Amino acid sequence: MQPVAITNDLLKLEPLIQLVGGNAGYGAIASFVGIVRNTNQGRMVTHLEYEAYEPLAVKALEQIRQEAAEQWPGTELAVHHRIGRLDIGEASIIIAAGSAHRAHAFAACRYVIERVKQIVPIWKHEFFEGGEVWIEGATANPTDETARQEAFRRACA
């Protein structure tokens with residue numbers, strides 16, 4: 001299993017936990033699972049469809065892993081994002097971080113989701129009762145240091 005992936009398959013947390021923790025002897029493994037919710041902006045959501053420019057999305061996810069590894073040395077990360085149709089309650093993204101210390105694992109997970117929202121070319125098409133709308137995707141330049149610092153600030157808030 002790869003530490004970064006864009007996939008049509010259902011996401012599962014346990015394989016990512018094994019990937020980052022396995023037999024490493026870490027003191028902490030933290031995770032984040034983004035779930036398709038049933039409401040957004042007062043509308044009843046029926047389902048979502050995610051699209052991605054996969055080669056660039058994988059490259060951006062790997063960049064994020066490297067940034068986090070530099071910020072929190074010794075922290076192992078994995079992130080998988082789903083594309084295609086997702087129903088209410090299904091996972092759209094799973095992030096797992098293994099580290100000697102819980103603070104690093106939690107911060108790394110938060111950093112990853114903040115950066116994913118900033119730079120990974122994935123677009124969300126939301127379907128709700130009475131209509132549909134595209135939700136704006138990543139807008140920051142992957143090399144924008146100001147955006148990177150904002151993600152770090154949020155991760156460590």
Side-chain angles (χ1 to χ4, degrees), residues 1-21 28-65 67-68 72 75-99 102-142 144 147-157:
M1 172 172 287
Q2 297 297 315
V4 299
I6 303 294
T7 181
N8 284 296
D9 298 333
L10 288 172
L11 300 179
K12 296 179 183 170
L13 178 58
E14 188 59 34
L16 268 66
I17 288 174
Q18 289 301 313
L19 190 63
V20 302
I29 296 176
S31 63
F32 172 81
V33 180
I35 304 292
V36 177
R37 61 180 177 262
N38 64 354
T39 61
N40 187 33
Q41 299 181 344
R43 301 181 294 235
M44 295 301 297
V45 175
T46 60
H47 67 282
L48 300 177
E49 290 179 2
Y50 283 95
E51 292 184 14
Y53 179 58
E54 292 182 50
L56 190 55
V58 168
K59 183 178 176 181
L61 291 175
E62 188 56 45
Q63 175 184 328
I64 293 166
R65 282 186 72 242
E67 290 172 359
W72 297 281
T75 300
E76 186 67 37
L77 281 159
V79 56
H80 288 189
H81 201 297
R82 189 150 167 228
I83 56 173
R85 181 191 166 115
L86 283 77
D87 291 320
I88 303 304
E90 291 184 322
S92 58
I93 186 169
I94 295 181
I95 302 164
S99 182
R102 68 180 176 271
H104 289 183
F106 281 123
C109 277
R110 177 72 190 264
Y111 179 82
V112 170
I113 192 63
E114 296 297 338
R115 286 297 273 165
V116 165
K117 297 289 187 179
Q118 288 179 338
I119 70 169
V120 180
I122 295 175
W123 301 276
K124 180 168 49 173
H125 194 179
E126 182 179 88
F127 294 82
F128 53 90
E129 292 178 359
E132 62 186 75
V133 64
W134 282 95
I135 306 295
E136 185 174 343
T139 58
N141 182 322
D144 181 348
R148 185 175 187 269
Q149 288 302 316
E150 176 60 18
F152 177 74
R153 185 193 65 74
R154 288 181 181 189
C156 295

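Index from 1, following the sequence. These numbers were taken from a predicted model, which means no experiment stands behind them.
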Starting at CD1 of Ile83, measure out to CD1 of Ile122 and round the result to the nearest 0.5 Å.
8.0 Å

Min side-chain heavy-atom separation Leu61-Ile6 under 4.5 Å
yes

If you count the non-hydrogen atoms of other residues, nucleotides and ligands that lie under 6.0 Å from CZ in Phe127, is the total more than 12?
yes

At their closest point, which heavy atom of His47 faces which heavy atom of Asp87, and how far apart are they?
CB-OD1, 3.8 Å

Taking distance alone, no hydrogens or angles, what donor-acceptor pairs closer than 3.5 Å link side-chain atoms of residues 48-58 to residues at least two apart or in another chain?
none

Could you go through the side-chain contact (heavy atoms from CB on, under 4.5 Å) check for Arg82 and Asp9 one step at a time?
CA-CA 7 Å; Arg82 189 150 167 228; Asp9 298 333; over 6 Å; no

Could you give the distance from CD (Glu67) to CG (Leu77), rounded to the nearest 0.5 Å?
11.0 Å

Shortest non-hydrogen contact from Ser99 to His104?
OG-CB, 3.3 Å

For a quick test of reading the model, state the closest non-hydrogen atom pair linking Leu86 to Ala91 and the distance between them.
CD2-O, 3.4 Å

Is any side-chain heavy atom of Gln18 less than 4.5 Å from a side-chain heavy atom of Met1?
no

Gap separating the CZ atom of Arg148 from the CZ atom of Arg115, nearest 0.5 angstrom:
6.5 Å

Which atom of Ala140 lies closest to which atom of Ile119, heavy atoms considered
O-CG2, 3.7 Å

Can you measure from NZ (Lys12) to CD1 (Ile17) and round to the nearest 0.5 angstrom?
13.5 Å

Considering non-hydrogen atoms only, spot the tightest contact between Arg85 and Glu90 and give its length.
O-OE1, 4.2 Å

CD/Glu132: more than 12 non-hydrogen atoms of other groups inside 6.0 Å:
yes

Looking at CG of Leu11 and CD1 of Ile94, how far apart are the two atoms once the value is rounded to the nearest 0.5 Å?
4.5 Å

Any donor-acceptor pair under 3.5 Å linking the side chain of Ser92 with the backbone of Val36?
no

Here the gap from His80 atom NE2 to Leu13 atom CG, rounded to the nearest 0.5 Å, amounts to 11.0 Å

Test salt bridge (charged side-chain N to carboxylate O under 4.0 Å, His left out) on Arg65 and Glu62 and set out the steps.
CA-CA 5 Å; Arg65 282 186 72 242; Glu62 188 56 45; 3.0 Å; yes

Does Arg153 reach the side chain of Glu114, with side-chain heavy atoms less than 4.5 Å apart?
no

Does atom NZ of Lys124 have more than 12 heavy-atom neighbours, drawn from other residues, nucleotides or ligands, at distances under 6.0 Å?
yes

Residues in side chain to side chain contact (heavy atoms under 4.5 Å, CB included) contact with Ile93, at least two apart in sequence or another chain
Phe32, Val79, His81, Ile95, Ile113, Val116

Taking every heavy atom of Pro142 against every heavy atom of Gln63, the minimum-distance pair comes out as O-NE2, 2.9 Å

If we only count heavy atoms from C-beta on, is the Phe128 to Val133 side-chain gap below 4.5 Å?
yes

Sort and list the pairs that fulfil side chain to side chain donor-acceptor pair (under 3.5 Å) and have at least one residue in residues 29-39, not counting sequence neighbours.
Arg37-Asn40

